[in-house]
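For reference, the structure discussed in these notes is given below.
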Amino acid sequence: MYLCYIDESGTPEVPGTTSHFVLAGLSIPIGSWRTCDREISQVLGRYGLENEELHTAWLARKYLEQSRIPGFETMDWAARRSAVDRARTAHLLTLQRKQNPSAYKQAKKNYAHSKAYTHLTFDERIAAIKAVADTIATWGHARLFAECIDKTHFDQNRTQRTIGEQAFEQVISRFQQYLTAVSTQLGAPSTDALALLVHDNNQNVAKKHTDLMRQFHTNGTLWTTVDNIIETPLFVDSSLTRMVQLADLCAYALRRYVENGETDLFRRVFVRADRAKGKTVGIRHFAGLTCQCEICVAHR
Ligand SMILES: [Zn+2]
């Protein structure tokens with residue numbers, strides 16, 4: 001049996017705040033879960049993050065106040081945390097004095113999101129993300145599925161679906177096709193080729209994806225019947241579920257590649273994309289036919 005952890009990157013609204021919307025699913029056989037979880041904890045332990053949420057976008061940001069603290073890199077973790085806390089408190093008090101409530105609110109929110117990571121320099125945070133990606137890359141039994149939608153190329157009148165619906169249908173179809181291949185390899189019908197979806201709990205999508213999954217169970221997707229994925233998605237709090245955080249890392253890496261051409265993190269996780277007959281079938285870039293990106297080239 002397989003667990004497929006699902007998370008997104010970017011906004012599905014048009015235009016929203018990103019040019020792309022990415023929905024990614026990372027699948028592992030349940031028998032590997034314990035080993036995978038332990039390996040990620042070991043990697044994160046090297047960075048003092050073993051008990052913290054792995055939130056890639058917040059780790060990958062620059063924290064301006066760090067660059068203003070003299071000798072920050074030479075300090076130990078406790079001293080770095082204290083120095084950043086002091087700088088942040090001072091900044092919040094300044095914003096309060098200037099009576100700038102929106103800037104104050106924004107700064108407070110940013111600081112809360114990155115509070116667990118302030119003992120690491122920017123380079124160390126990036127190294128931690130890369131180390132996690134490299135660990136995922138070694139999991140020969142893991143498969144990555146994703147739909148990366150270029151919103152400038154998307155026409156809802158033609159697809160009859162919203163961006164979020166198309167992304168979910170594509171990921172489900174690609175995952176089901178993988179499970180069908182696993183089932184064929186096993187030879188006889190087996191519970192070994194069944195799967196459950198574990199989804200980041202997002203109020204906006206929980207109801208929609210549950211309803212869509214019920215439809216898929218009855219009628220299939222546009223591309224395939226859905227025989228091997230059982231139940232509707234289980235929605236979990238991603239801040240508490242490590243494997244959903246890994247799906248978030250993969251979705252982030254894919255979006256940064258299709259939006260900005262950032263290849264480093266992308267190539268580390270792209271190796272886990274499902275492949276069949278020499279083609280990468282697990283990940284699609286929904287863009288113009290002439291797109292020459294590595295996803296499109298590997299998909300043709
Ligand atoms: Zn492309």
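Throughout, residue positions are numbered sequentially from 1 according to the sequence presented. One-based numbering, in listed order, for ligands and for the atoms of each.
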Can you tell me which residue pairs pass the salt bridge (Lys or Arg N to Asp or Glu O under 4.0 Å) test with a partner in residues 137-155, sequence neighbours excluded?
Arg143-Asp274, Glu147-Arg284
Pairs where residues 93-121 contributes a residue and the test salt bridge (Lys or Arg N to Asp or Glu O under 4.0 Å) is met, not counting sequence neighbours
none
Applying salt bridge (Lys or Arg N to Asp or Glu O under 4.0 Å) to Lys207 and Asp211, what does each step give before you reach the verdict?
CA-CA 6 Å; Lys207 174 88 172 75; Asp211 292 345; 2.7 Å; yes
Relative to Tyr63, does Arg88 satisfy both conditions: NZ or CZ under 6.0 angstrom from the six-membered ring centre, and within 45 degrees of the ring's axis?
yes
By salt bridge (Lys or Arg N to Asp or Glu O under 4.0 Å), which residues pair with Arg275, not counting sequence neighbours?
none
Neighbouring protein N, O or S atoms of the Zn ion (ligand 1), below 2.8 Å:
4
Could you check whether Arg81 pairs with Asp85 (Lys NZ or Arg NE/NH1/NH2 to Asp/Glu carboxylate O, under 4.0 Å)?
no
